[in-house]
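A quick write-up on the structure given underneath.
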Amino acid sequence: MGKIGRNHPCPCGSGKKYKHCCLAAKQTGAMGSPTNQMKVSLVAAIERIQDQAVEKKATFHELGVFLFFSDHEGDAWMLESTESDAVQIARGGERLEVPIDENPETIEINFSHTFAIRERQLVLTGYADKVEVLLDRAPTSQIHAAIRRLHKRYPKEMLARMHVESSIGGPEA
């Protein structure tokens, strides 16, 4: 692999220059463990989609099992495709705090909803209140295609290993 220049695009895919993205983490040694590398990539993807939401640009992005989208009204969501979990990360062009917890072995995301595609529409169900909401501005066809690609690319056993059951029985990412 060639050397990455400070002014080159960051290899994490954030769209930022390397010096404004992952270079500082690499220099401090923060990217040493696979967990830290995943967190840096995940945080960069979240920030990128939040930037798009602030600019009220409709966009879609994939990072492993995670799907991100924003719409022209400034809403953005992060979906986890193997467990059908979702969390809103921007609303009305304003960034929302993303509930990510980490420990030395895992990164946990406290998702607020589950999602399903029904009749070509993205439907969210809140974990807390079980209320269903239809997201009519979601890129449903892109989400569906990404999930199909993921399931073709990886065997079920590998996808199942991406999650560890917690002590209370819920999935962890």
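Only heavy atoms go into these numbers, but all of them, side chains included; no hydrogens, no water, no symmetry mates.
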Answer yes or no: is there a donor N or O on one side and an acceptor on the other, between the side chain of Gln52 and the main chain of Ala58, under 3.5 Å? no
Judged by atom type as modelled, is there a donor-acceptor pair below 3.5 Å linking the side chain of Glu80 to the main-chain atoms of Thr82? yes
Is any side-chain heavy atom of Phe69 closer than 4.5 Å to a side-chain heavy atom of Leu79? yes
Using a 4.5 Å cut-off on heavy atoms from C-beta on, say whether the side chain of Asp51 contacts that of Arg95. yes
Can you tell me how far [atom2] of [Y] sits from [atom1] of [X], rounded to the nearest 0.5 angstrom?
X      : Y      : atom1 : atom2 : result
Glu47  : Phe68  : CD    : CZ    : 11.0 Å
Lys56  : Ser70  : NZ    : OG    : 11.5 Å
Leu122 : His113 : CG    : NE2   : 10.5 Å
Lys130 : Thr125 : NZ    : OG1   : 8.5 Å

If you look at every heavy atom in Ser112 and Gln88, which pair is closest and at what distance? OG-N, 4.4 Å
Any idea which heavy atoms bring Ile89 and Trp77 closest together, and the distance? CG1-N, 4.0 Å
Could you label the plane-to-plane angle of the Phe66 and Phe111 rings as parallel, tilted or perpendicular, counting under 30° as parallel and over 60° as perpendicular? parallel
Give a yes or no on whether a salt bridge exists between Lys57 and Asp71, defined as a side-chain N under 4.0 angstrom from a carboxylate O. no
